[in-house]
Amino acid sequence: MRRSFAPLVATLAVVDAQTQSSKRGLLSVSTSTGHVIDDDKIWVRDGADLTWYYNYGAAPLPLYGDKPQEDFEFVPMLWGAIDDTSFLDSVNDLINGGRDIQHVLGFNEPDGTSGTGGSSIDPATAAEVWVRNIAPLREKGVRVGLPACTGGRSGIPWLRQFLAECSALLSTDDQARNCTYDFVTIHWYGNFEGLASHLGEYSAAFPNKPQWVTEFALNDQDLDVTQAFFNTTLEYLDRLENVARYSYFGAFRSEDSNVGPNVVMLNNDGQLTDIGSWYLGGAATGVEPQTGTGAQNQAHVLLALALALVGVHFA
């Protein structure tokens, strides 16, 4: 995750409803209090148009376990460095168990630090893990995405070094082999102009490959600016032929957000905000992100009641 405080220059009037899109997926985020089951149900309710999801892990969420892949595709992710083949084994178990795994995602922001949510892996180590866990899946026909670097300038150089290290591991004295992949995975936090430029840089660096934008948001901005970014960006991503899929970073409540309170798709009571409803292809709800009592306030109320009862008991 890379934070940017650049303002949104281009604006778009807030719309009453969003169109639906087969590109659109769910980035399922476990908050500090874990998964809220009622919140997770929202993304697969009748009328929701999300076609795929990932959760930074190798196992599908239990709530979505009975969803057929053709209806709501689970995409496993190898988040960080491991010293074994446990990711490969987990994905093979899913395949052997009847789940039609078509895609997998690579490392999460390996060029970033743990303090900003990155997996912080050097390219040589990442290449070793990839050859053990990802390359065998591609040989089986699973389509694989390049690691998702931060939106900073370190991303493309990191990926180039990673591909060189990976190719060296796959090659022998008799035969040179390239480290292969099927699509490019992109993260962005900042304004629309920066996102459009960033996608162009990746197209130039990795030509003729589909792009998946698996994290994006305009962080820490006023609500009207955030909504304008959201609507402008979704219209743009839907229109770009080389963008195959995208997933917005905001499937959580305002009180749980680490990128500002206004990016979220749920208010503090788990009600869909305008952005949340638009993302599902619906109309504006009029629910502001920071409204609602929320789990934290409810916990404070319960604590106060418990203390009051203790006081009565010992009075």
Side-chain angles (χ1 to χ4, degrees), residues 1-2 21-28 50-58 69-70 72-80 87-88 91 94-95 99-112 119 121 123 126-127 129-131 133-151 155-167 170 177-188 195-216 233-234 236-249:
M1 178 188 304
R2 174 178 179 263
S21 171
S22 60
K23 299 180 179 183
R24 205 167 295 168
L26 170 67
L27 167 48
S28 181
L50 305 184
T51 60
W52 67 281
Y53 80 101
Y54 80 103
N55 59 6
Y56 296 116
Q69 286 288 92
E70 61 267 23
F72 195 46
E73 181 189 354
F74 171 62
V75 180
M77 181 180 196
L78 175 56
W79 186 87
F87 179 80
L88 172 64
V91 176
L94 290 174
I95 295 172
R99 187 172 288 273
D100 185 18
I101 300 298
Q102 294 288 327
H103 305 87
V104 294
L105 298 171
F107 309 106
N108 184 72
E109 301 191 353
D111 60 322
S119 54
I121 316 172
V129 178
W130 179 281
V131 168
N133 287 272
I134 301 292
L137 292 172
R138 191 172 192 276
E139 291 176 358
K140 295 180 67 169
V142 177
R143 291 183 284 276
V144 305
L146 272 184
C149 286
T150 67
I156 291 176
W158 188 98
L159 288 170
R160 285 174 171 157
Q161 185 178 349
F162 161 77
L163 289 171
E165 298 280 358
C166 180
S167 297
L170 293 172
R177 294 181 59 191
N178 289 325
C179 191
T180 52
Y181 56 95
D182 299 283
F183 57 94
V184 178
T185 314
I186 296 171
H187 287 183
W188 179 259
L195 171 63
S197 175
H198 194 58
L199 295 179
E201 290 173 357
Y202 267 74
S203 292
F206 309 102
N208 304 316
K209 293 291 184 180
Q211 295 179 340
W212 288 29
V213 186
T214 54
E215 280 189 32
F216 69 98
T233 300
L234 261 63
Y236 183 68
L237 296 179
D238 286 336
R239 180 161 41 89
L240 287 181
E241 292 185 1
N242 63 313
V243 173
R245 294 187 178 185
Y246 61 81
S247 51
Y248 180 71
F249 188 77

Discussion item. Before we go on, tell me: are the rings of Y248 and F216 under 6.0 Å apart, centre to centre?
Written reply: yes
Worksheet item: How many angstroms lie between atom NE2 of H198 and atom OG of S203, to the nearest 0.5 angstrom?
Response: 10.5 Å
Discussion item. Aromatic contact between Y181 and F183, with the criterion being ring centroids under 6.0 Å apart: yes or no?
Written reply: no
Practice prompt. Test side chain to side chain contact (heavy atoms under 4.5 Å, CB included) on Y54 and L27 and set out the steps.
Written response: CA-CA 5 Å; Y54 80 103; L27 167 48; 3.4 Å; yes
Fill in: Partner of V104 under side-chain contact (heavy atoms from CB on, under 4.5 Å), chosen from L88, L137, L78, N133
L137
Discussion item. Show the nearest heavy-atom pair for residues I121 and A126, with the distance to one decimal.
Written reply: CG2-N, 3.7 Å
Worksheet item: Under a 4.5 Å cut-off applied to non-hydrogen side-chain atoms, are R24 and D238 in contact?
Response: yes
Item to complete: With side chain to side chain contact (heavy atoms under 4.5 Å, CB included) as the test, would you mind laying out the steps for T233 and Y246 before giving the verdict?
Response: CA-CA 11 Å; T233 300; Y246 61 81; over 6 Å; no
Worksheet, complete the sentence: Residues A205 and R160: closest non-hydrogen pair is CB-NH2, 3.7 Å
Worksheet item: Q161 side chain to P123 main-chain N or O, any donor-acceptor pair under 3.5 Å?
Response: no
Item to complete: Report the C-alpha distance between Q211 and L240 in whole Å, list the side-chain angles of each, state the deciding distance to 0.1 Å, and finish with yes or no for side chain to side chain contact (heavy atoms under 4.5 Å, CB included).
Response: CA-CA 10 Å; Q211 295 179 340; L240 287 181; 5.6 Å; no
Item to complete: Classify the angle between the aromatic ring planes of W212 and W52 as parallel (below 30°), tilted (30 to 60°) or perpendicular (above 60°).
Response: tilted
Worksheet item: So do the side chains of K23 and L237 get within less than 4.5 Å of each other, counting heavy atoms only?
Response: no
Response to the item:
So OG1 of T214 and CZ of F249: to nearest 0.5 Å the spacing works out to 11.0 Å
Worksheet item: Is any side-chain heavy atom of L199 closer than 4.5 Å to a side-chain heavy atom of W188?
Response: no
Worksheet entry | Closest heavy-atom pair and its distance - A196, Y236 | CB-OH, 3.9 Å
Worksheet item: Among N242, V184, L146, T185, which one satisfies side-chain contact (heavy atoms from CB on, under 4.5 Å) with Y202?
Response: V184
Worksheet item: Rounded to the nearest 0.5 Å, how far does CH2 of W130 lie from CD of E165?
Response: 14.5 Å
Worksheet entry | Separation of Y53 OH from E73 CD (nearest 0.5 Å) | 10.5 Å
Discussion item. Could you work out, with disulfide bond (SG atoms under 2.5 Å apart) as the rule, every residue matching C166, not counting sequence neighbours?
Written reply: C179
Practice prompt. For side chain to side chain contact (heavy atoms under 4.5 Å, CB included), just list the numbers for L163 and F206, CA-CA rounded to whole Å, side-chain angles, deciding distance to a tenth of an Å, and then say yes or no.
Written response: CA-CA 11 Å; L163 289 171; F206 309 102; 4.0 Å; yes
Worksheet item: Do you know which two heavy atoms are closest between I101 and V142, and how far apart they sit?
Response: O-CG2, 3.8 Å
Worksheet item: Does N108 offer a backbone N or O that forms a donor-acceptor pair with the side chain of S119 under 3.5 Å?
Response: yes
Discussion item. For the backbone of F74 and the side chain of Q69, can you confirm whether one donor and one acceptor N or O come within less than 3.5 Å of each other?
Written reply: yes
Worksheet entry | Any side-chain heavy-atom pair of D182 and H103 under 4.5 Å | no
Response to the item:
To the nearest 0.5 Å, atom CG of L105 lies from atom CD1 of I134 at 8.5 Å
Worksheet item: With no hydrogens and no angle check, do the side chains of T150 and D111 hold a donor and an acceptor under 3.5 Å apart?
Response: yes
Discussion item. If I take atom CG from residue L234 and atom OG from residue S21, how far apart are they, to the nearest 0.5 angstrom?
Written reply: 7.5 Å
Practice prompt. Please name the pair of heavy atoms, one in M77 and one in G106, separated by the smallest distance, quoted to 0.1 Å.
Written response: CE-O, 3.2 Å
